[in-house]
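Throughout, protein chains are lettered first and strands after them, A, B, ... in sequence-line order, and every chain is numbered starting at 1.
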Amino acid sequence: MPELLEIEAYRRLAEPVVGRRIVAVIAPDPWFLKGGITVDDLDLALVGARVEGLRRLGKLVCVDLAGPDGPRPVLGLRFGMTGRLLVDGRAGIERLEYGSDRGLPEWDRFALAFAGDGELRISDPRRLGAVELDPDESRLGPDATTLTPARVRDALGDSDAPLKARLLDQSRVAGLGNLLVDETLWRAGLDPARRAGGLGDAERRRLLHALRRVLDELGDRGGSHTGDLMAARVRGGSCPRDGTPLDRRTIGGRTTYSCPHHQR
DNA sequence: ATTGTGGCCTGCCCGC
DNA sequence: TGCGGGCAGGCCACAA
């Protein structure tokens, strides 16, 4: 599923559209439009606008726009767990975990056509992604790529919630999804069910160190699904580090695999 | 405010 | 061979 790493790949893929002018909006699926907006609202906001820049905040892509006659709203793109981005016919991520690579035309949920023939398109079989105008950026915590010891401390606070739930909470840390968190906690040797506020300084340092390495390494390898734990994340799987049968639990509302031996 | 739960959506895979 | 059920999880509404 797209987590921070995949969304960043999407943002980079879309960079060539900076500077282009939108000539048409194709929104065949009203369900995909969130915040009460209609196709007419999108036409009014987007057609004739020039793309000024692309920003990624956690799993949200913000498209900054400018019209010839004044400011335009920010276009927010969300990809849920099966949303793919295609720009000028090219895909950002070839293979999407839990997705499908068939890319049927009926999965097209939203597209922008640019002056001079290019296009930006979202294909999403499960319709869990979304398009909105002026997304509330203040609801997102600091991006996971920008964490520091102080920000980790703030994000965990003295919360009673499970550590994993807190890391998945986009208002505390933006960008992490189920696979990245399981991989990070497995590498850090931390039990996902631990009370978030109960970590000591050394444990928070281990967490941050593991997270940075996970983002670097899995980014290089090609995505959230390339972690060392991934192959063992199945029923009956064993810890790749010490061979202990993995626990399979629901934590933070997500299927969670962890090693009862070395994650404490 | 904080934390937990259920539901949305639908392709895919397994077992019968 | 077809079918039903379970599963995947990002996000949101809602409950306690």
Discussion item. Counting the atoms with a prime plus P, OP1 and OP2 as sugar-phosphate, which does A/Asp160 contact under 4.0 Å by heavy atoms, base, sugar-phosphate, or nothing?
Written reply: sugar-phosphate

In whole angstroms, the gap separating P of B/dC9 from NZ of A/Lys34 amounts to 10 Å

Walking DNA chain B from its 5' end, the first of A/Arg254 and A/Asp169 to be reached, judged by nearest nucleotide, is A/Asp169

Winner on side-chain proximity to A/Arg127, out of C/dG10, B/dC9, C/dA8, is B/dC9

C/dA8 phosphate, OP1 or OP2, under 4.0 Å from A/Arg126 side-chain N/O
no

Taking for A/Leu128 and for A/Glu132 the nucleotide of DNA chain C with the nearest heavy atom, the one nearer the 5' end belongs to A/Leu128

A/Arg121 bridged to A/Asp124 by N-O distance under 4.0 Å
no

Hey, does the side chain of A/Arg78 come within less than 4.0 Å of C/dC11's phosphate (OP1/OP2), counting only N and O? yes

Notebook entry, point to check: Touch check for A/Arg172, heavy atoms < 4.0 angstrom, all strands: base, sugar-phosphate only, or nothing?
Noted result: sugar-phosphate

Against the side chain of A/Ala161, the closest entry in C/dC7, B/dG4, C/dG9 is B/dG4

> Is A/Trp107 near enough to B/dT10 that one of its side-chain N or O atoms lies under 4.0 angstrom from OP1 or OP2?
Replying inline: no

| Do any side-chain nitrogens or oxygens of A/Arg233 fall under 4.0 Å of OP1 or OP2 in C/dC7? | no

A/Leu4 CG to C/dC11 P, in whole Å, measures 11 Å

- Message: It should be established whether A/Arg166 places a side-chain nitrogen or oxygen under 4.0 Å from OP1 or OP2 of nucleotide B/dT3.
- Response: yes

Does A/Ser159 put a side-chain nitrogen or oxygen below 4.0 Å from OP1 or OP2 of B/dT2? no

Fill in: Salt-bridge criterion met for A/Arg153 and A/Asp158 (N-O under 4.0 Å)
no

Beyond-backbone contact of A/Trp186 with A/Asp228, side-chain heavy atoms, under 4.5 angstrom: yes

Against the six-membered ring of A/Tyr257, is A/Arg233 placed for a cation-pi contact (under 6.0 Å from the centre, within 45° of the normal)? no

Worksheet entry | Ionic contact status for A/Arg109 with A/Asp29, cut-off 4.0 Å | yes

Rounded to whole Å, the CZ-C1' distance (A/Arg235 to C/dC7) equals 8 Å

Query raised in the report: Given C/dC7, is OP1 or OP2 found less than 4.0 Å from the side-chain N or O atoms of A/Thr255?
Result: no

Note: A/Glu132-A/Arg78 ion pair, threshold 4.0 Å (strictly below): yes

From CE of A/Met81 across to P of C/dC12 the rounded distance in Å is 16 Å

note: A/Lys164, atom NZ; B/dG4, atom P; distance rounded to Å ~ 13 Å

Taken to the nearest whole Å, CG/A/Leu60 to P/C/dC11 is 9 Å

In whole angstroms, the gap separating P of C/dC12 from CH2 of A/Trp31 amounts to 11 Å

Whole-Å distance, A/Phe79 CZ to B/dT10 P, equals 19 Å

